[in-house]
Amino acid sequence: MPVAPRSPPCPRPIGILGGTFDPIHYGHLRPALELLEALDLVEVRFVPCRIPAHRGAPQITAEQRLALVRLATAGQAGFVVDDRELCRDGPSYMVDTLASLREDFSGIPLCLIVGADAFRELHTWHRWRELSRFAHIVVMRRPGPSKPFVPVLEEFIAPRRADPVALRRQLAGGVLFQPVTQLDISATDIRALLARGQSPRFLLPETVLAHIHERALYRSLPTPAAVTL
Ligand code: ATP
């Protein structure tokens with residue numbers, strides 16, 4: 001029996017980690033590095049949003065959050081900061097970001113990286129089914145068994161389940177659950193520590209913390225009025 005020719009592998013994929021990064025912390029950085037290495041990504045692009053579509057307004061400006069992301073990622077080979085969402089008006093929809101990245105990187109697999117908690121809400125994202133037209137989805141998950149997702153997500157995942165090799169065989173469309181070291185760190189907790197005058201040291205890079213102190217950021221929790229869009 002002749003063996004069917006295998007389609008040639010695509011180039012190494014690009015990872016895309018979107019977020020509010022209010023502020024960026026080791027819970028973002030360590031898993032991103034692990035994915036860079038485990039999936040042999042060309043790079044991980046950190047994409048801070050301008051106006052988050054699915055939550056209240058961030059506590060500091062997009063430019064300030066971008067500056068913190070630049071500080072956090074400086075010097076790490078393969079970490080790239082992408083400010084395209086700051087250049088767009090309106091809510092920062094990931095589907096628009098992926099469409100724009102697809103135009104820039106036409107022949108390269110794209111991997112949208114999301115935390116397991118964010119993935120559970122994927123079906124509430126703007127035009128969420130279209131995400132997989134432009135990119136694979138890589139879910140950073142805890143090692144061990146995971147709870148089922150809502151039925152609409154389970155149906156979405158079933159035909160798309162991929163392994164790391166599959167991410168190199170097509171440009172988009174797979175869903176991969178990749179175990180990473182889980183660090184129970186959240187930007188919410190860091191903001192709360194800072195507002196109480198306590199130290200978030202060792203939860204985020206020293207350079208980021210120094211910048212936060214220099215600019216007197218996160219000195220108080222936002223009032224309800226400040227968190228509406
Ligand atoms: P907040 O506490 O303000 O909601 P956050 O710490 O969850 O913020 P985001 O900027 O909202 O940070 O997260 C960006 C992406 O990183 C999301 O996909 C989110 O699921 C993921 N993420 C955030 N914290 C962690 C963590 N500790 N481990 C793994 N993934 C994380």
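Whatever order the structure lists them in is the order used to number ligands and atoms, beginning at 1.
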Taking atom CZ of Arg12 as the centre, report whether more than 12 heavy atoms of other residues, nucleotides or ligands fall under 6.0 Å from it. yes

With hydrophobic residues grouped by side-chain heavy-atom distances under 4.5 Å, do Ile108 and Phe46 end up in a single group? no

Once the angle between the rings of Phe149 and Phe119 is folded into 0 to 90°, is it parallel (under 30°), tilted (30 to 60°) or perpendicular (over 60°)? perpendicular

Distance-only side-chain donor-acceptor flag, Arg30 / Thr181, under 3.5 Å: no

Between Trp128 and Leu17, is there shared hydrophobic-cluster membership here, with clusters defined by ILVMFWY side-chain heavy atoms closer than 4.5 Å? no

For residues 192-203, which residue pairs pass the salt bridge (Lys or Arg N to Asp or Glu O under 4.0 Å) check, not counting sequence neighbours? Arg201-Glu206

With a 4.0 Å heavy-atom cut-off, what residues sit around ligand 1? Gly18, Gly19, Thr20, Phe21, His25, Gly27, His28, Arg55, Val114, Gly115, Ala118, Met140, Leu183, Ile185, Ser186, Ala187, Thr188, Arg191

